[in-house]
Amino acid sequence: MDWLDTKGKIIGQIDKTFAHAHGLLHPAVHVFVLDQEGKLILQYRTRSKKIYPQHWDTSVGGHVHAGEDLLKGAQREAGEELGIGKMPLHYLGWADVEDTETNSKGKFHHRERVHYHLARLKKGMRIHPNEEFENIAHIPLEEMPEFIRKKRFTATFLAGWRKFGKAIQGKG
């Protein structure tokens, strides 16, 4: 993956494990997906995930490959995780997400420039979650504040929701 300076300029390539071990800034993409009823689709990460196992997260999220266009990376991740890679995405913007998590799999320094997108499933479109999902939820947008208050979420989801939640709710 690409290694970024604080301005988002690519300064080299690094391995994902190395980046998370040393807290090096790198790009990621996340997609908030609304179903046909305007409910937000959330993924519950499997217990086998190294970072934030068994936490709720955005509908789609992942790392951008070295040299990969951000939109193409978001579409690739949407295809891999939900089987919906060909749908149009609306770019919301970016946020830097930085925290440290220690769990049974070790200590991880999460430092990403996350580019957030929004998508809406078209009538008749179905999702096909992959093995990264332990569970999936379709939450009405007006119920999101309560759901967030009661559940464990990834820092990446929370940063994106704080920054873009109002814009997402306006699209519901």
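If you read the sequence from its start, that first residue is 1, and numbering goes on from there.
Under the 4.5 Å side-chain heavy-atom criterion for grouping Ile, Leu, Val, Met, Phe, Trp and Tyr, Trp161 is connected to Leu118 within one hydrophobic cluster. Criterion: ILVMFWY side-chain heavy atoms under 4.5 Å apart, direct or through other members. Under it, Trp94 and Leu4 are not part of a common hydrophobic cluster.
Between Trp56 and Phe147 the shortest side-chain heavy-atom distance falls below 4.5 Å. Between Leu25 and Asp5, the closest side-chain pair of non-hydrogen atoms is not below 4.5 Å. A 4.5 Å side-chain heavy-atom check between Ile168 and Leu34 finds at least one atom pair inside the cut-off. Considering only heavy atoms from C-beta on, Phe153 comes within 4.5 Å of Lys151 through its side chain.
The minimum heavy-atom distance between Val97 and Ala159, with the atom names listed, is CG2-CB, 3.6 Å. Scanning all heavy atoms of the two residues, the minimum distance from Tyr116 to Thr156 falls at OH-O, 2.6 Å.
Here the two rings, on His30 and His117, have centers that are 6.0 Å apart or farther.
Between the side chain of Glu80 and the main chain of Glu77, no donor-acceptor pair closer than 3.5 Å is present. Side-chain atoms of His26 come within 3.5 Å of backbone N or O of Leu24 as a donor-acceptor pair. Checking side-chain atoms of Arg113 against main-chain N and O of Thr6 turns up a donor-acceptor pair under 3.5 Å. Under the 3.5 Å distance criterion, the side-chain polar atoms of Gln169 are left unmatched by any main-chain donor or acceptor of Glu142. A donor-acceptor pair under 3.5 Å is absent between the side-chain atoms of Glu112 and the main chain of Glu98, judged by distance alone.
Heavy-atom contacts from other residues, nucleotides or ligands closer than 6.0 Å to NZ of Lys163 number more than 12.
With side-chain heavy atoms closer than 4.5 Å counting as contact, directly or through intermediates, the hydrophobic cluster containing Leu89 also holds Val31, Val33, Ile41, Val60, Leu71, Leu82, Ile84, Met87, Leu121, Met125, Ile127, Phe133, Ile136.
With respect to Glu132 and Arg45, no salt bridge is recorded, no charged nitrogen being found less than 4.0 Å from a carboxylate O. No salt bridge links Lys39 with Glu143; every basic N to acidic carboxylate O contact stays at or beyond 4.0 Å.
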Result block: side-chain N/O donor-acceptor pairs under 3.5 angstrom for residues 9-19, not counting sequence neighbours:
residue : atom : partner : partner atom : Å
Gln13   : NE2  : Asp2    : OD1          : 2.8
Asp15   : OD2  : Thr17   : N            : 3.0
Asp15   : OD2  : Phe18   : N            : 3.2

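A side-chain hydrogen bond (donor to acceptor under 3.5 Å, both in side chains) with His20 is found for exactly one of Lys50, His109, His110, His63, namely His63.
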